[in-house]
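In what follows, every chain begins at residue 1, and chains take the letters A, B, ... in the order their sequences are listed.
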Amino acid sequence: MASLEQLLDQRLAAAFSAVAGGPADPVLRRSQHADFQADGALTLGRRLGRPPRDLAAEVVRRARLEDLCARVEVAGPGFINLTVADQALGRLLSEVVEDVRLGVPQAAVRETVVVDYSAPNVAKEMHVGHLRSTVIGDAAVRLLEWLGHRVIRANHLGDWGTPFGMLIEHLLDIGEAEAAHELSVGDLDSFYRAARRKFDGDEGFRERARRRVVELQRGDPTTRRLWRLLVEESERYFLAVYQRLGVRLTGDDFVGESAYHDRIPEVLEDLERQGLLRESGGARCVFPSGFTNREGEPLPLIVQKADGGFGYAATDLAAIRHRTRDLGATRLLYVVGLPQRQHLEMVFEVAREAGWLQPPARAEHVGFGSVLGPDGRMLRSRAGTPVKLIDLLDEAVARARTVVAEKNPSLEEAAREEVARAVGIGAVKYADLSTDRVRDYVFDYGRMLSFDGNTAPYLQYAHARIRSIFRRGGGETPEVSGPVVVSEPAERALAIELLGLADVVDGVAESLEFHRLANYLYGLATTFTTFYERCPVLRAEAGTRRSRLALCDLTARTLALGLGLLGIPAPDRM
RNA sequence: GCCCCGCUAGCUCAGUGGACAGAGCAGCUGCCUUCUAAGCAGUAGGUCGGGGGUUCGAAUCCCUCGCGGGGCACCA
């Protein structure tokens with residue numbers, strides 16, 4: 001099913017091409033002066049050396065838009081203003097209302113997509129940095145899955161490397177039972193800090209830790225067992241956080257750095273065979289083209305360190321190779337903070353040079369900025385330590401609970417708790433997803449939990465309010481099927497907004513700019529309230545009532561779907 | 001020194017070459033015997049960081065400067 005905008009674009013493109021004597025973009029977009037406007041004649045004017053107004057007029061004469069538009073006019077220097085016919089809006093909406101996918105088609109090309117996200121470190125607390133990666137990655141997973149792609153969730157757990165020597169030795173010092181307890185109840189930071197403190201201050205401990213790392217990499221059974229204990233207890237804790245957060249990640253999605261360890265030799269062999277490896281300062285490196293260091297010299301990606309160990313570059317390369325060759329992925333998403341931009345670009349470049357990342361396969365850094373406190377600096381607790389993610393979520397839910405109890409005292413206990421969770425967690429996620437992800441954003445409970453403005457509670461309430469229309473009258477289920485008829489300006493505005501979902505979803509699947517979906521939902525909600533303010537629904541005469549109920553129903557379903565794609569629940573009651 | 005990101009209303013943010021730059025909050029003015037007030041309508045508020053340039057047209061593209069943040073070989 002083609003969207004309204006696609007239909008207009010196709011028809012106009014045909015006319016533009018005929019006039020231009022070759023392909024020409026109509027440059028169609030929404031307009032303040034009509035429903036849509038096409039600006040293609042202005043750029044075409046220069047190309048053809050003809051007055052844009054004449055071109056626009058000719059396009060209008062040739063374009064076959066009778067079934068879609070009530071008015072097509074040339075304005076100003078050559079804008080083509082399009083007013084969509086009420087009948088066309090009604091016809092398209094009637095189809096969308098009947099469609100479980102709300103007019104959004106499945107992806108034409110079904111890809112295998114690996115989404116690399118969340119990636120906490122074993123025996124370390126999850127903080128706000130993980131919040132962004134987890135929330136954005138979860139939205140990517142939900143959206144791409146819904147479009148029909150095969151999505152592989154990859155939680156690149158930090159479960160390997162030199163810190164594990166000190167962590168295991170510390171575990172032995174305090175005893176397995178105590179360690180398991182600390183880790184499983186989420187006291188990860190104090191565990192890690194205690195280990196770190198001993199490592200920094202005790203030469204004997206430091207030596208034990210070093211030896212332990214060697215044992216771990218050698219595969220010593222006892223060491224491996226202790227390591228598994230650390231990993232499993234940490235995973236248990238992370239899963240509890242994910243459950244609280246309401247994301248799709250499961251225990252099966254942990255693919256830690258250790259999982260790629262055995263594949264690193266192949267990576268080295270492959271690079272060696274292709275002549276990409278060079279020894280530099282004792283380390284084995286690849287020098288991807290286009291990267292220089294402070295002195296303007298080629299910048300290496302260190303695959304094997306001078307001491308023989310492997311760093312994250314080796315792991316990342318092994319992961320790419322595995323994902324494209326073994327998993328058959330054609331799209332690799334890395335939901336990782338912006339500071340790692342250069343590292344990832346280098347890894348991608350090496351993978352391309354090594355032939356592991358060839359079109360149509362490509363890798364994308366889905367980067368994001370920092371979470372800031374009210375002071376405009378990186379969010380920290382009063383003590384100056386990073387804020388624990390779980391504390392952040394608990395606080396949001398607690399505040400939501402207060403607000404919900406205040407606004408709707410009639411809600412029974414269990415329902416209130418459920419709503420508080422949906423609102424609190426939803427607010428945190430929406431605050432993260434509703435601004436351009438490359439920018440930093442200020443974490444502010446008051447603003448994100450406000451029922452005014454572009455927030456989750458506003459959208460959730462808009463949804464619940466519509467649902468309440470259908471509940472009114474003692475469980476009566478109003479008839480929503482039948483033809484949709486639009487005529488009032490507010491009805492038309494809502495109709496056009498509703499028909500825009502497919503194009504927005506399409507764009508976001510490509511750009512992974514979820515704030516565009518968020519802004520769309522907010523615009524839809526405000527357009528709806530205007531409609532509901534001006535157009536009686538339940539009081540309207542039977543035919544109009546049925547049609548308007550269909551608009552209400554479709555709006556609610558669109559809000560619920562859109563929020564759902566962002567990982568945010570939309571309760572029926574609030 | 002090189003590279004990346006950001007700078008838009010008092011605050012928080014939209015706006016990926018087109019018509020007078022848009023929301024929300026805060027401010028001001030209205031609107032609850034009529035499905036919705038956790039709402040709606042209106043009003044006020046801008047050197048789009050500065051300066052050049054490209055273009056019929058620039059918040060948007062290019063150059064340059066400023067401010068803030070980040071990265072730049074064995075941590076991830």
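Annotation: B:C3 and B:C62 have their P atoms spaced 14 Å apart (nearest Å). On the P atoms, B:G6 is 22 Å away from B:G10, given to the nearest whole Å. Taking the C1' atoms as reference points, B:C25 lies 16 Å from B:U43, given to the whole Å. With both ends at atom C1', the span from B:G27 to B:U36 equals 26 Å, rounded to whole Å. To the nearest whole angstrom, the two P atoms, one in B:G70 and one in B:C28, are 39 Å apart. Across B:G71 and B:U64, the matching P atoms stand 24 Å from one another, rounded to whole Å. B:A58 and B:G51 have their P atoms separated by 15 Å, given to the nearest Å.
A:Glu169 and A:Arg206 are not joined by a salt bridge, as no carboxylate oxygen comes within less than 4.0 angstrom of a charged side-chain nitrogen.
Nearest nucleotide to the A:Gln37 side chain, out of B:A19, B:G71, B:A76: B:A19. The side chain of A:Gln32 approaches B:G22 more closely than any other nucleotide in the set B:A19, B:G22, B:C35. When distances run from any side-chain atom of A:Asn293 to the nucleotides B:C40, B:U16, B:C72, the shortest one goes to B:C72. Checking B:U36, B:A41, B:C5 against the side-chain heavy atoms of A:Leu338 singles out B:C5 as nearest. Closest to the A:Asn81 side chain, of the nucleotides B:A38, B:U16, B:A19, is B:A19.
The residue A:Ala75 sits close to a base: some heavy atom pair falls under 4.0 Å. Using a 4.0 Å heavy-atom cutoff across all strands shown, A:Arg46 reaches at least one base atom of the nucleic acid. Nucleic acid contact class of A:Glu345 (heavy atoms, under 4.0 Å, all strands): none. Using a 4.0 Å heavy-atom criterion, one finds that A:Cys535 contacts the bases of the nucleic acid, with or without backbone contacts as well. A:Asp159 comes within contact range of no nucleotide atom at all, as no heavy-atom separation falls under 4.0 Å. At a threshold of 4.0 angstrom between heavy atoms, the contacts of A:Gly311 are confined to the sugar-phosphate backbone, with no base atom among them. As judged by a 4.0 angstrom heavy-atom cut-off over every strand, A:Pro300 is placed among the base-contacting residues. Counting non-hydrogen atoms under 4.0 angstrom, A:Ser280 reaches a base of the nucleic acid. Looking at heavy-atom distances under 4.0 Å, A:Glu533 makes contact with a base.
Stacking of the aromatic ring of A:Phe79 onto the base of B:A19 is found: the ring centres lie under 5.5 Å apart and the planes are inclined by under 30°. Evaluation of A:Tyr461 against the base of B:A38 yields a stacking contact (centre distance < 5.5 Å, interplanar angle < 30°).
Between A:Leu372 atom CG and B:C5 atom C1' there is a gap of 13 Å when expressed in whole angstrom units. One atom, CZ of A:Phe470, and another, C1' of B:U36, lie 13 Å apart when rounded to the nearest Å. The nearest whole Å value for the distance from the CG atom in A:Leu299 to the C1' atom in B:C2 is 11 Å. The CZ-P distance, from A:Arg29 to B:U60, rounds to 16 Å in whole Å. Note: CZ (A:Arg465) to P (B:C40) measures 7 Å, nearest angstrom. Atom pair A:His515:NE2 and B:C13:P shows a separation of 12 Å (rounding to whole Å applied). The CZ-P distance, from A:Arg437 to B:G70, rounds to 20 Å in whole Å. Distance CZ (A:Arg534) to P (B:U34): 19 Å, rounded to an integer number of Å.
Residue A:Thr43 holds its OG1 atom at 7.5 Å from CZ of A:Phe16, rounded to the nearest 0.5 Å. Atoms NZ and OG1, on A:Lys407 and A:Thr402 in that order, are 12.0 Å from each other to the nearest 0.5 Å. Note: A:Met448 CE to A:Arg399 CZ = 9.5 Å, rounded to the nearest 0.5 Å.
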Given salt bridge (Lys or Arg N to Asp or Glu O under 4.0 Å), test A:Arg471 with A:Asp572 step by step and report yes or no. CA-CA 10 Å; A:Arg471 268 197 309 275; A:Asp572 282 347; 5.6 Å; no
Verdict with reasoning, A:Arg573 to A:Glu418, per salt bridge (Lys or Arg N to Asp or Glu O under 4.0 Å): CA-CA 10 Å; A:Arg573 288 197 301 159; A:Glu418 186 63 31; over 6 Å; no
List the steps, then state whether salt bridge (Lys or Arg N to Asp or Glu O under 4.0 Å) holds for A:Arg401 with A:Glu417. CA-CA 7 Å; A:Arg401 191 179 294 125; A:Glu417 193 50 36; 2.9 Å; yes
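Residue A:His343 places no side-chain N or O under 4.0 Å from the OP1 or OP2 atom of B:A73. For the OP1/OP2 pair of B:C2 and a distance below 4.0 Å, the side-chain nitrogens and oxygens of A:Thr292 include no atom meeting the criterion. At the phosphate of B:C40, OP1 or OP2 sits under 4.0 Å from a side-chain N or O atom of A:Tyr458.
For A:Arg278, the CZ atom is loosely surrounded, since the number of other residues' heavy atoms within 6.0 Å does not exceed 12.
Distance alone, capped at 3.5 Å, is enough to place a donor-acceptor pair between the A:Thr529 side chain and the A:Thr526 backbone.
With hydrogens and angles ignored, no donor-acceptor pair under 3.5 angstrom links the side chain of A:Asp452 to the base of B:A23. A donor-acceptor contact under 3.5 Å is not formed by the side chain of A:Ser434 with the base of B:A14.
Ring geometry, A:Phe443 versus A:Tyr445: the interplanar angle exceeds 60°, so the pair is classed perpendicular (tilted spans 30 to 60°). Between A:His261 and A:Trp160, the ring planes lie tilted relative to each other; the angle falls in the 30° to 60° range. By the 30° and 60° cut-offs, the orientation of the rings of A:Phe348 relative to A:Tyr334 is tilted.
For RNA chain B, the stems formed by at least three consecutive Watson-Crick or G-U pairs, with both atom-pair distances below 3.5 Å, span B:1-7 with B:66-72, B:10-13 with B:22-25, B:27-31 with B:39-43, B:49-53 with B:61-65.
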Are any protein N/O atoms closer than 3.5 Å to N/O atoms in nucleotides 6-12 of chain B? If there are, list each pair with its distance.
from	atom 1	to	atom 2	distance (Å)
B:C7	OP1	A:Arg439	NH1	2.7
B:U12	O2'	A:Arg447	NE	3.4

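Annotation: side chain of A:His365 is in contact with side chain of A:Arg341 (closest heavy-atom distance under 4.5 Å). A 4.5 Å side-chain heavy-atom check between A:Val286 and A:Leu317 finds every atom pair outside the cut-off.
Taking a 4.0 Å limit (strictly below) on heavy-atom distances, residues 38-45 of chain A reaches RNA chain B at A:Asp39, A:Leu42, A:Thr43.
Checked against the 6.0 Å centroid criterion, the rings of A:Phe310 and A:Tyr312 do not qualify as a close aromatic pair.
With a glycosidic angle further than 90° from 0, B:C56 counts as anti.
Both A:Gly507 and A:Ala283 sit near RNA chain B, but only A:Gly507 has its closest nucleotide nearer the 5' end.
Checked by atom type, the side-chain pair A:Asn454/A:Tyr430 shows a donor-acceptor distance below 3.5 Å.
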